[in-house]
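Only one structure is covered here, and it is reproduced in the block below.
Below, all heavy atoms of this structure are taken into account, side chains as well, without hydrogens, waters or symmetry copies. Each chain gets a letter, A, B and so on, in the order the sequences are listed, and its residues count up from 1.
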Amino acid sequence: MAYFIPTAAEDVAPAEVAEVDLYHPHSFVTKYVFSQDAKVIAIQYSFTAIAIGLVALVLSWLMRLQLGFPDTFAFISAEAYYQFITMHGMIMVIYLLTALFLGGFGNYLIPLMVGARDMVFPYVNMLSYWIYLLAVLVLLASMFVPGGPTGAGWTLYPPQAILSGTPGSGAGIILMLVSLALFIVGFTMGGLNYVVTVLQARTRGMSLMRMPLTVWGIFVATILALLAFPALFVGAVMMSLDKILGTSFFMPAIVEFGELSDYDGGSPLLFQHLFWFFGHPEVYIVALPGFGIVSDLLATHARRNIFGYRMMVWAIVIIGGLSFIVWAHHMYVSGMNPYFGFFFATTTLIIAVPTALKVYNWILTLWKGNIHLTIPMLFAIGFIVTFVNGGITGLFLGNAVVDVPLSDTMFVVAHFHMVMGVAPILVIFGAIYHWFPKITGRMFNQTLGQIHFWVTFLGAYAIFLPLHYLGLLGVPRRYYEMSDTLFIPESAVTLNAFVSVVALTVGVAQVIFLFNMIWSAYKGKKADPNPWRATTLEWQTPENPPAHGNFGPELPVVYRWAYDYSVPGAKEDFIPQNVPQEEVPNTEGGLGLPMPAAHQPAE
Amino acid sequence: MIAAILVLLVVVGTVVFHFWSPWWWTEIASNWGYVDDTIIVTFWITGVVFIAVLLFVVYCMVRYRHREGQKAEYEPENAKLEWWLTGLTTLGVAGMLTPGLFVWGQFVTVPDDAVEVEVLAQQWTWAYRLPGEDGILGTSDTKIITFENPFGVNPDDPHGQDDVLVESDELHLELDQPVKVLLRSIDVLHNFYVPQFRAKMDMVPGAITYYWLTPTRTGTFDILCFELCGVGHHAMRGLVVVDETGAYESWVDEHPTFAEAMEEARNEMSTEPKLVLKQDDAATGARAVTQ
Ligand code: HEM
Ligand SMILES: [Cu+2]
Ligand SMILES: [Cu+2]
């Protein structure tokens, strides 16, 4: 295959957008509170997401207490339990993971990595955060209204969600829907920024096919979110109308506790289609940024180019596209037309192919590498283990007929926790450790990082692996208590207690992480501007941490892809993206690399 | 090194746990053994990939760990290798999808000799209706449900008169007789699941859903509601008993037909106090009770 090897920036069409002077803030309030600097917004998003995520973590302890030790805690009633589940799931998926990956990492990394001074619409970007914060506050408020927050499950299926047999079916569900709608509005403002910034504000020489995979992952995930969230938005609006005005979008004729309601003619399945048309892409909204970030962590810490870059980019794009035609794999047993199963099982299993390819390319990046087992690298490896585990159980659940016995069992809980709970969280930790020296200018404590990794990784694995087998046995999810059955052995009770103890331990161990981050941010060793000797632009900023405007007077010019690690003939084992071919220190002690030694993929 | 050993332990531990775990599916009691077989095929194919991928990671962690003089090899891509891997993966996926679709085809095709049984769900109880002598269930409608007619059977439909009504959580099925289980709900989503049968489907108010199965062994099994249906969801249980033909028929005979039940209700109405529907403490599972 012939490669076109662009060597100089002139070979790549520049994005001809004139530089505009940034508005530099003057007061504390405009600098740190109502800030328009994407980096500050990123920190605001991240702190808020982690804070609300801690609430979800505490809720998971309460749930595990109930599951591990039923009849022990009087304060956990059935109502409360279903409310915990719902809030835990919703917070984790939307308010933590989506917000942290896109609002947090997206804001921090996109401008820095593509060589832009900021997002293209800084003001809208600022609004995005404040609306997100409002959404979080409304969500929190729903926990304090009469009747409490909704307990309808994070899927919020009607008719149940708005009928009296479900906890929080009054103000609780309304506030939940309002909060989701706000979240979507806020996200859309941020999301347009991320997409337009990637398309329009890349620096000279940064062609799309030279972008780090982190940016690719966040970019495609944002496009998915912009297309998927509207389905949830209309679903939320329609359900609010059903609840408040008594319309019947999702409500058929119902006899509730002996009384015929006024609803008639609506379709509960319509909501499920809307929900999962959003819900499945949502899985990839969380996964794709993780895919991208983990690719960069692996390449940097294995000192080796990411293997099969072009294949990786195409896999992200193809997975993103396919994720819109698999949604009904969540509905094999929903009562929809059973013949849909053939189509959705096929599309779902096809998605496994590009996904598997990504896994192969990650491990082939390790192969023949020079692996530094740094903390970010450990988390990346932890990600591979849990993602492969969770990915293969997806092949069970995607295959319609296998899903029939397994759906709504603990197997599903184990599957999605591995693949979209533990795996993305491990990437997030890895990413925080990786970029911590850039964000704070200081290094974190290595020993605490090691302890944090091993407790979290091994612990989370021990929590969720056994749950698969309870699911095979037939233990349902969303059950306040199993009580007596004819088929569940006594040993399952012991297992549940064990899982709960591990879950509490892992949960408490996160204190180590929080302590390490907070302490190191103030007291940590001053970090080198590029401690991991990475190639991407965010490590080449003149100041560390980067100042407002990111790159000083001159924007960097990009001459190469993001993965020039261990290039033959080069003195160092990495060549930053902004170093031209003639200026690369070579092994002979001079400058310049003989061309075309590199087989950098053409764009 | 320690890190590589720990990751290796995770892989080995997973495999050991898989084979030694005392938690495994219940002995099957229906014709859906093919479903179990598909799961086994899937376990093998994915298990091999899981082990191969992770052992390769462990190998790399040991062989290519950073040491003095270790240098990574620069190799942006290897199209041949990538196409090989794509091809093999596609084969593996086809190996799972093909039996899967084949069995799904059976699952959605109800045999002609299946008899119908209706399961009626409401928060948080089960009830059942059998087609009676004519073998045909009468039409029904949620909107005509009353205390006397809790199934909402159309009183003008001749097929409905002989329908057998079972107002109890316990359902009996006849051994080796294919059944089409018709699923109805009058309030929210529910799901009728018996782990030993392996088949489940949501019950959707406003629609009638179904699945079919043939019970293949006698015994008493738990029925669990498998779709979150409110605060009593976990308490929405029942029992299904698979009987030999004789025992099954005498169980059917214990229950009134729709016509008989209506008759009885009319008589009771004139003599006894009114039926009252009361909601119990939800957490313990509400039951519609009569006072
Ligand atoms: C160590 C951390 C975690 C523990 C111990 C935990 C535990 C649990 C438990 C016990 C349930 C209820 C399962 C059931 O239905 O019976 C649950 C549900 C759920 N969790 Fe987690 N979880 C954790 C982290 C996460 C993360 C990171 C995510 C992010 C994706 C997540 C997403 C969910 C979702 C979506 C549900 C379903 C809620 C529902 O059924 O409506 N969890 N979790
Ligand atoms: Cu999905
Ligand atoms: Cu139910």
Shorter than 4.5 Å, heavy atoms on both sides: which option in A/P489, A/S407, A/S483, A/G265 has the most such pairs with chain B? A/S407

Check whether A/Y82 gets within reach of chain B through its side chain, its backbone, both or neither, counting any heavy atom under 4.5 Å. side chain

Quick one: what part of A/L349 sits under 4.5 Å from any heavy atom of chain B, side chain, backbone, both or neither? both

Would B/W124 and A/F257 satisfy ring pair (Phe, Tyr, Trp, His ring centres under 6.0 Å), going step by step from the backbone distance to the final call? CA-CA 10 Å; B/W124 290 279; A/F257 302 116; 5.6 Å; yes

Segment of B/N191 engaging chain A (4.5 angstrom heavy-atom cut-off): side chain

A/E481 versus B/H234, closest heavy-atom pair with distance: O-CB, 3.7 Å

Assert top hit (heavy-atom pairs under 4.5 Å, partner chain A, pool B/A72, B/A199, B/P99) equals B/A72

Does any part of the side chain of A/F307, heavy atoms only, come nearer than 4.5 Å to the side chain of B/P76, both counted from C-beta? no

Main chain of B/E75, side chain of A/N305: is a donor-acceptor contact present, judged purely on distance under 3.5 Å? yes

Less than 4.5 Å to any heavy atom of chain A: does that hold for the side chain of B/M203, its backbone, both, or neither? neither

Which one wins on heavy-atom pair count under 4.5 Å against chain A: B/A207, B/P205, B/G206? B/P205

Whatever's closer than 4.5 Å to a heavy atom in chain B on A/T348 counts as neither

Might you point out which heavy atoms bring A/N399 and B/L101 nearest each other, and give the distance in Å? OD1-N, 4.4 Å

When you compare the side chain of A/L458 with that of B/V10, does any pair of heavy atoms fall below 4.5 Å? yes

For B/R63, which atoms come within 4.5 Å of any heavy atom of chain A: side chain, backbone, both, or neither? neither

Tell me, for A/P158 versus chain B, whether the close heavy atoms (under 4.5 Å) come from the side chain, the backbone, both or neither. backbone

Atom group of A/N337 that falls short of 4.5 Å from chain B, counting heavy atoms: neither

In short, A/R478 meets B/E227 closest at the heavy-atom pair NH1-OE2, 4.1 Å

Hey, does the side chain of B/W23 reach the backbone of A/G471 with a donor-acceptor pair shorter than 3.5 angstrom? no

At a 4.5 Å cut-off on heavy atoms, which part of A/A462 comes close to chain B: side chain, backbone, both, or neither? neither

Minimum heavy-atom distance between B/V53 and A/V388, given as atom pair plus value: CG1-CG2, 4.1 Å

Go through B/I145, B/L224, B/T90, B/I208 and name the one with the most non-hydrogen pairs under 4.5 angstrom from chain A. B/L224

Residue part contacting chain B, namely of A/Q83, when any heavy atom lies under 4.5 Å: neither

Backbone of A/G258 reached by a side-chain donor or acceptor of B/Q122 within 3.5 Å: no

Need one label for A/L373: side chain, backbone, both or neither, based on atoms under 4.5 Å from any heavy atom in chain B. side chain

Name the option with the most non-hydrogen atom pairs under 4.5 Å to chain A; the candidates are B/F197, B/Y34, B/F56, B/F102. B/F56

Is the shortest side-chain N to carboxylate O distance from A/R310 to B/E77 below 4.0 Å? yes

For a 4.5 angstrom cut-off between non-hydrogen side-chain atoms, does A/Q160 reach B/D187? no

Greatest number of non-hydrogen atom pairs under 4.5 angstrom with chain A, of B/V11, B/V49, B/T89, falls to B/T89

Interface residue of largest heavy-atom contact number with chain B, from A/T166, A/V255, A/V402, under 4.5 Å: A/V255

With a 4.5 angstrom heavy-atom cut-off, is it the side chain or the backbone of A/A152 that approaches chain B, or both, or neither? backbone

Against chain B, label A/M336 side chain, backbone, both or neither, depending on which of its atoms sit under 4.5 Å from a heavy atom there. neither

Just so I understand: if I count every heavy-atom pair under 4.5 Å between each of B/V7, B/T146, B/L6 and chain A, which residue has the most? B/L6

Residue among A/G341, A/G153, A/S491 with most heavy-atom pairs under 4.5 Å to chain B: A/S491

Using distance alone, with no hydrogens and no angle criterion, decide if B/H18 and A/Y469 have a side-chain donor and acceptor under 3.5 Å apart. yes

Answer yes or no: is there a donor N or O on one side and an acceptor on the other, between the side chain of A/N370 and the main chain of B/Y64, under 3.5 Å? no

Does a side chain donor of either A/D408 or B/Y193 reach within less than 3.5 Å of an acceptor in the other side chain? no

Heavy atoms of B/F226 and A/G474 approach each other most closely as CZ-O, 3.6 Å

A/I363 versus chain B, the contacting section by heavy-atom distance below 4.5 Å: both

Donor-acceptor pair, distance only, cut-off 3.5 Å: does the side chain of B/K200 make one with the backbone of A/V404? yes

Tell me which of these, A/Y563, A/F453, A/Y565, has more heavy-atom pairs under 4.5 Å with chain B than the rest. A/Y565

Is B/L9 close to chain A through its backbone or its side chain, or both, or neither, when contacts mean heavy atoms under 4.5 Å? neither

Which of parallel (below 30°), tilted (30 to 60°) and perpendicular (above 60°) describes B/H233 and A/Y479? perpendicular

Honestly, the part of A/W454 sitting under 4.5 Å from a heavy atom of chain B is side chain

Exercise: identify the closest heavy-atom pair between A/P167 and B/V231: CD-CB, 4.1 Å

Greatest number of non-hydrogen atom pairs under 4.5 angstrom with chain B, of A/L260, A/I85, A/L495, falls to A/L495

Side chain, backbone, both or neither: which part of A/L163 has a heavy atom under 4.5 Å from chain B? side chain

Under 3.5 Å side-chain donor-acceptor pair for A/Y360 and B/T86: no

With B/V204 as reference, evaluate A/S267, A/P252, A/P159, A/P268 under the side-chain contact (heavy atoms from CB on, under 4.5 Å) test and give the passing residue. A/P268

Would A/V333 and B/T209 count as a side-chain contact (heavy atoms from CB on, under 4.5 Å) here? Give the steps. CA-CA 10 Å; A/V333 296; B/T209 57; over 6 Å; no

Is chain B contacted by the side chain of A/T346, its backbone, both, or neither, given a heavy-atom distance below 4.5 Å? both

Of the listed residues (A/D573, A/I488, A/N389), which shares the most heavy-atom pairs with chain B below a 4.5 Å separation? A/N389

